[in-house]
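Just below is one structure, and these are the notes that go with it.
Sequence lines set the chain letters: A, B, ... in the order given, protein chains first and strands last, and positions in each chain run from 1. All heavy atoms count here, side chains included; hydrogens, waters and symmetry mates do not.
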Protein chains: 2
Amino acid sequence: MKKANAFMQIGEVAQRTETSIDTIRFYEKSGLIPKPERTDSGYRKYTEETIRRVQFIKRSQELGFSLKEIADLLSLRVDPKTTCRDVKKRSEVKIYDIEKKIRTLQKIKRALSRVAATCKGKGPTSECPILEVLEGNEKK
Amino acid sequence: MKKANAFMQIGEVAQRTETSIDTIRFYEKSGLIPKPERTDSGYRKYTEETIRRVQFIKRSQELGFSLKEIADLLSLRVDPKTTCRDVKKRSEVKIYDIEKKIRTLQKIKRALSRVAATCKGKGPTSECPILEVLEGNEKK
DNA sequence: ATAAACCCTAGAGCTTACTCCAGACTCAAG
DNA sequence: CTTGAGTCTGGAGTAAGCTCTAGGGTTTAT
């Protein structure tokens, strides 16, 4: 039978998420991860849930979301005062944003594929199609 | 016959790209856009090419690329000392990164779709599947 | 019982990517 | 020929997101 309270301390969270201890504490201050319980001596006690949160935060950042936007995404669950209708609307807006990001990434990818294909592997570069491909003007 | 030298000045570039004049000059200082020609009195003279560059920079930023990474992407064309083989290799690495970004965005999107679908529009929120969906551990 | 390896707080400092002056020149319109 | 909008340079200031330091307490192994 697995031990019920397998708490870990901040160092382990940092290691497993490949962040720093300072960053974890910074996320706590910023409200991105909830204030954890403490041991009698004041050490923070974390669970697996925290690992998942931190990983979510890091990945979302790599995708161009600010910490504020990430807080938004995460709040799509925590606040019991928001109605479902509300959450639904907000998710749909986010979904739209994300689809736009995906489309732009696909354009860049196609442009890069073209770069790679054009280069047969010999001689110097002169022109590349990256800029041309991105001219379609999606309104923000 | 179209006029050959339809130059614009910095204000127009700023307006059309929805950035500020200061930002354009900042990009120049940072090497993201080439130093433009000047009028006799010292005003910068730009072409359409600049518009495309600035737009490329802005979009790439929204996708989580730093200015340094963007400089990298753009340099996939300008430096005549790099061989095609080299450019090809670098493009392929970038393509891989971009594919990873797209996959993660798709995961977030699916999670959000689930949020939206689960909410039938009534009552308060309690749980959401955003965190669960992102557990697959792609190595950076 | 003491060293090594943890953890704590508060606050200063750093990097990135702008953003905003001050003080001066340029240019088009009236 | 003056006024107002636009531009110039150099440098200081700002916000986000960490990162580091000082000075101290805790835990574990020997």
Side-chain angles (χ1 to χ4, degrees), chain A residues 3 5-47 50-51 53-75 97 140, chain B residues 5-47 50-51 53-75 140:
Chain A
K3 203 166 163 219
N5 280 15
F7 288 118
M8 56 194 134
Q9 44 189 49
I10 199 165
E12 189 176 341
V13 175
Q15 264 197 345
R16 285 182 52 196
T17 58
E18 292 173 79
T19 49
S20 73
I21 288 177
D22 280 322
T23 300
I24 310 266
R25 287 196 281 242
F26 172 74
Y27 287 163
E28 183 183 328
K29 251 188 288 180
S30 317
L32 283 162
I33 56 183
K35 298 205 174 208
E37 284 182 60
R38 302 288 186 121
T39 63
D40 292 350
S41 57
Y43 283 23
R44 290 168 176 83
K45 296 191 296 182
Y46 294 103
T47 66
T50 311
I51 302 275
R53 270 215 168 211
V54 176
Q55 276 167 352
F56 179 82
I57 294 165
K58 290 193 74 189
R59 285 189 187 142
S60 302
Q61 274 189 301
E62 282 167 21
L63 297 167
F65 295 100
S66 67
L67 293 187
K68 203 181 161 316
E69 285 173 314
I70 293 167
D72 260 31
L73 283 172
L74 286 168
S75 80
D97 287 355
K140 173 149 203 197
Chain B
N5 280 15
F7 289 117
M8 56 195 132
Q9 44 187 54
I10 198 164
E12 188 178 341
V13 175
Q15 264 196 345
R16 286 182 53 196
T17 57
E18 292 173 81
T19 48
S20 74
I21 289 178
D22 279 323
T23 300
I24 311 266
R25 287 196 281 242
F26 172 74
Y27 287 163
E28 182 183 329
K29 250 188 289 178
S30 318
L32 283 162
I33 56 183
K35 297 203 174 209
E37 283 182 60
R38 301 289 187 118
T39 65
D40 291 349
S41 56
Y43 283 24
R44 289 169 177 81
K45 297 189 296 182
Y46 294 103
T47 67
T50 312
I51 303 275
R53 271 215 169 211
V54 176
Q55 276 167 352
F56 179 81
I57 293 165
K58 290 193 74 189
R59 285 190 187 139
S60 302
Q61 273 190 303
E62 281 167 22
L63 297 168
F65 295 100
S66 67
L67 293 188
K68 201 179 162 316
E69 286 173 314
I70 295 167
D72 259 32
L73 284 172
L74 287 167
S75 79
K140 176 152 202 196

Short side-chain N/O contact to [N] OP1/OP2 from [X], under 4.0 Å:
| X | N | value |
| --- | --- | --- |
| A:Q61 | D:dC18 | yes |
| B:R38 | C:dT26 | no |
| B:R44 | D:dT7 | no |

Quiz item: A:D22 side-chain donor-acceptor pair to D:dC18 base, under 3.5 Å: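 Looking at the base of D:dC18, it does not pair with any donor or acceptor on the side chain of A:D22 (distance under 3.5 Å).
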Where the side chain of B:T23 is concerned, which of C:dC7, D:dC8, C:dT19 is the nearest nucleotide?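 Nearest to the side chain of B:T23 among the choices is C:dT19.
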Which nucleotide, D:dT7, D:dT19, C:dT19, lies nearest any side-chain atom of A:S20?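 So the nucleotide nearest the side chain must be D:dT19.
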Could you state the atom-to-atom distance from [atom1] of [X] to [atom2] of [N] in whole Å?
| X | N | atom1 | atom2 | answer |
| --- | --- | --- | --- | --- |
| A:L67 | D:dT19 | CG | C1' | 15 Å |
| B:I10 | D:dG6 | CD1 | P | 13 Å |
| A:Q9 | D:dG25 | CD | P | 18 Å |
| A:M8 | C:dC6 | CE | P | 16 Å |
| A:E18 | D:dT19 | CD | P | 14 Å |
| B:K45 | C:dC27 | NZ | C1' | 16 Å |
| B:E69 | C:dA17 | CD | C1' | 14 Å |
| A:I57 | D:dC18 | CD1 | C1' | 13 Å |

Backbone of A:R59 reached by a side-chain donor or acceptor of A:E62 within 3.5 Å: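 Pair absent, no side-chain N/O of A:E62 close to backbone of A:R59.
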Option among B:E12, B:E37, B:E28 that satisfies the salt bridge (charged side-chain N to carboxylate O under 4.0 Å, His left out) test with B:R44: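 That would be B:E28; it is the only one of B:E12, B:E37, B:E28 passing the salt bridge (charged side-chain N to carboxylate O under 4.0 Å, His left out) with B:R44.
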Protein-nucleotides 27-29 of chain D N/O pairs closer than 3.5 Å?
residue : atom : partner : partner atom : Å
D:dT27  : OP1  : A:S41   : OG           : 2.8

Regarding A:E18 and A:K58, does a basic nitrogen lie under 4.0 Å from an acidic carboxylate oxygen?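 Not counted as a salt bridge, because no side-chain N and carboxylate O are separated by less than 4.0 Å.
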Hey, are the side chains of A:L67 and A:I70 touching, using non-hydrogen atoms and a 4.5 Å cut-off?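 In contact.
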List in numerical order all residues of residues 24-37 of chain A for which some heavy atom is under 4.0 Å away from an atom belonging to DNA chain D.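 The answer is A:F26, A:Y27.
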